[in-house]
Chemist: 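Right, I'll just put the structure down here and ask away after.
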Amino acid sequence: MPEIRWQEPICGGGGNACIQIGHTADGTPVLRESARPGELVVTTREGLRNFVEAAKRGDLDEFL
């Protein structure tokens, strides 16, 4: 896996469940959970955009 530039973790409620998003040098989005930094989810910009838009609409609320 190429080098990844990570953003600051997104943590809610003061817990340890933190999500980080980063990108490779070519702009490929990558996600990981801070508790499992070796397990990466690699997606496309379009896939990430679709996921974020679905979350904003509330389409993923059943998973919370």
Chemist: What distance do Ile21 atom CD1 and Ile4 atom CD1 have between them, rounded to the nearest 0.5 Å?
Modeler: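 If we round to the nearest 0.5 Å, Ile21:CD1 and Ile4:CD1 are 11.0 Å apart.
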
Chemist: Return the CG to OG1 distance between Leu48 and Thr28, rounded to the nearest 0.5 Å.
Modeler: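 Spacing of CG (Leu48) from OG1 (Thr28) equals 11.5 Å.
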
Chemist: Which of these, Glu8, Arg32, Gln7, sits in a side-chain hydrogen bond (donor to acceptor under 3.5 Å, both in side chains) with Gln20?
Modeler: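 Only one of Glu8, Arg32, Gln7 forms a side-chain hydrogen bond (donor to acceptor under 3.5 Å, both in side chains) with Gln20, namely Arg32.
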
Chemist: Does Ile19 share a hydrophobic cluster with Val30, counting links as ILVMFWY side-chain heavy atoms below 4.5 Å and allowing steps through other members?
Modeler: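 No, no single cluster joins them.
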
Chemist: Indicate, with yes or no, if Trp6 and Ile10 share a hydrophobic cluster defined by side-chain heavy-atom contacts under 4.5 Å among Ile, Leu, Val, Met, Phe, Trp and Tyr.
Modeler: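 No; Trp6 is not reachable from Ile10 via cluster members.
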
